[in-house]
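Worksheet for the structure shown next.
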Amino acid sequence: MSRRPYVREVPRTTWFFKHPRYMRYMAREVTCIFIGIYTVILLVGLARLSEGPAQYEGFLEALRQPGSVLFHLLALAFSLYNTFTWFNVAPKALPVQVGDEHWPDSVVSGGHYVVWVGLSLFIRFWAGVL
Amino acid sequence: MTENRMGTRQVELEVLRYNPETDQEPKFQRFTVPCVNEWCVLDALNYLKDNLDSTLSYRWSCHMQVCGSCGMMINGEPKLACKAMLRDYAGVIRVEPLSHFPIERDLVSVADDFMAKLKRVKPYLIPGEKRTLADGEYKQTPAQLERYKKYAMCINCMLCYAACPEYGLTPKFIGPAAISLAHRYNQDSRDGGRDERQEEIATSEGVWECTFVGACSDVCPKHVDPASALQQVKVASTVDWYLEHFMSWVKK
Ligand code: SF4
Ligand code: FES
């Protein structure tokens, strides 16, 4: 009897089409592209602000273009997806054990949501928007 | 699929066959197996082997979800054949050996790689404090047990490896179950072997190959939640790194 194990190659570029859970993972990873672009836009805005009021007004004008509004809506949707997916798995990375028991996952991820909303409100308050 | 009043039904099984002595590549073979409704897929395979084709090869032992040897892909999902109940499936059931492992023969996959990795992570107690028999047993509180209990439930079935795309793409990845077992001993109050295990698992072949797809935890039949173990090892290794580079005066 001879051993001749058969190896099934995993397709390197199309593997994630094989299962919906791989697609969900890829969706989560892709969100970072939008968040990255958004961060660059923010930095450009800061640079314009430092150059003076006229430049900053031009930057704001560019933001009001339909293409820019569309991008921001998309980026918002993707960053919400990113936030929800990560907050929901946060208990895996940061389990909290008190005494003999672990806190339920819902408490740990719930805590993340509470801090998120709290910080967002604080920043708006601090920036004078609220 | 037909069902009659006796509580039996004809199940169409599509089984991936591979005979290393005669086949160039695996191919599916279709069988119609008379099954009792309450059977699991393993029962159907046993009937098949006993009555229809005695050459079919597959592994099993306990038939009660503890030995971890009957792992296979059932309709594309890694499952224990003794836990996959026929009543949960309609239509043709497709059975293949576990993904990401070479096929030895039919549904038997080659487990050598996993066994070697298990050995590397030293999945056994390395006592932190040497005690003699006269000193008595190592005591542990329920809280100390709770720290690692779920990671001790692993039955080495390798379903998590079959689910993990990182392992499929990069076979040198030590992978979910082995790292979870390392974490299980690292979390044990009686153990002192963490430094030795870190050399294996806090590496690019170890946890840093993991991108947190989370598929391992979805498929684990014992709710070990390997993804959580790997993320916790990442967090702890990162803390180690900061302590070492920026706060070396703090004793670990
Ligand atoms: S962690 Fe779960 S899926 Fe992986 S080998 Fe252990 S029991 Fe099987
Ligand atoms: S036969 Fe033992 S786990 Fe299925």
Side-chain angles (χ1 to χ4, degrees), chain A residues 1-33 35-36 78-79 81-112 115, chain B residues 16 18-26 76-78 96-106 108-110 112-113 141-150 163-171 187 211-215 217-219 225-236 238:
Chain A
M1 254 222 328
S2 58
R3 277 188 79 179
R4 201 163 55 84
Y6 183 86
V7 175
R8 295 159 291 175
E9 292 294 338
V10 175
R12 300 210 82 80
T13 48
T14 54
W15 60 268
F16 50 87
F17 291 116
K18 223 183 134 195
H19 200 289
R21 74 164 69 90
Y22 298 163
M23 294 284 283
R24 284 196 295 275
Y25 158 76
M26 278 314 240
R28 186 190 80 196
E29 298 298 287
V30 161
T31 56
C32 71
I33 298 176
I35 294 171
F78 277 105
S79 50
Y81 183 74
N82 182 287
T83 306
F84 288 126
T85 48
W86 281 115
F87 280 10
N88 292 343
V89 292
K92 293 194 192 298
L94 301 166
V96 183
Q97 185 184 343
V98 176
D100 293 354
E101 311 240 0
H102 275 99
W103 280 358
D105 287 359
S106 55
V107 175
V108 179
S109 35
H112 280 74
V115 172
Chain B
L16 194 68
Y18 172 65
N19 180 343
E21 283 147 60
T22 53
D23 298 345
Q24 279 318 304
E25 55 180 22
E77 197 69 19
E96 299 162 79
L98 284 178
S99 291
H100 306 155
F101 293 95
I103 307 175
E104 187 79 62
R105 175 186 289 260
D106 294 341
V108 176
S109 43
V110 181
D112 304 2
D113 181 55
T141 64
Q144 287 168 330
L145 172 67
E146 173 69 15
R147 277 169 60 83
Y148 68 82
K149 198 170 157 200
K150 77 173 170 181
C164 174
E166 292 300 336
Y167 179 64
L169 292 165
T170 313
Q187 293 281 90
T211 57
F212 204 172
V213 180
S217 296
D218 287 351
V219 304
D225 198 359
S228 71
L230 274 82
Q231 307 327 304
Q232 288 161 35
V233 172
K234 286 182 195 172
V235 172
T238 307

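Every value quoted in this text rests on a predicted model; they were computed, and no experiment measured them.
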Is the closest side-chain heavy-atom distance between Y18(B) and E25(B) below 4.5 Å?
no
Side-chain donor-acceptor pair under 3.5 Å between D113(B) and Y167(B), yes or no?
yes
Quick one: what part of S109(B) sits under 4.5 Å from any heavy atom of chain A, side chain, backbone, both or neither?
neither
As an exercise: rank H100(B), Q144(B), R147(B) by heavy-atom pairs under 4.5 Å with chain A and give me the winner.
R147(B)
Using non-hydrogen atoms only, which part of R12(A) is less than 4.5 Å away from chain B: side chain, backbone, both, or neither?
both
Counting heavy-atom pairs under 4.5 angstrom with chain A, the leader among Q24(B), E104(B), Q231(B), K234(B) is E104(B)
Sort T141(B) into side chain, backbone, both or neither according to what part of it lies under 4.5 angstrom from a heavy atom of chain A.
neither
In terms of heavy-atom pairs under 4.5 Å, which option from E9(A), E101(A), Q97(A), K18(A) contacts chain B the most?
Q97(A)
Taking atom types as modelled, is there a side-chain donor on Y25(A) or T85(A) under 3.5 Å from an acceptor on the other?
no
Does any N or O in the side chain of D23(B) come within less than 3.5 Å of the main-chain N or O of N19(B), such that one atom is a donor and the other an acceptor?
yes
Would you check if E77(B) and H19(A) make a side-chain contact, meaning some heavy-atom pair closer than 4.5 Å?
yes
Do we see a donor-acceptor contact under 3.5 Å between the side chains of S109(A) and N88(A)?
no
Part of Y6(A) lying under 4.5 Å from any heavy atom of chain B
both
If we only count heavy atoms from C-beta on, is the F212(B) to R28(A) side-chain gap below 4.5 Å?
yes
Is it the side chain or the backbone of V98(A) that comes within 4.5 Å of chain B heavy atoms, both, or neither?
neither
Chain A contact via V235(B) - which portion, at a heavy-atom distance below 4.5 Å:
side chain
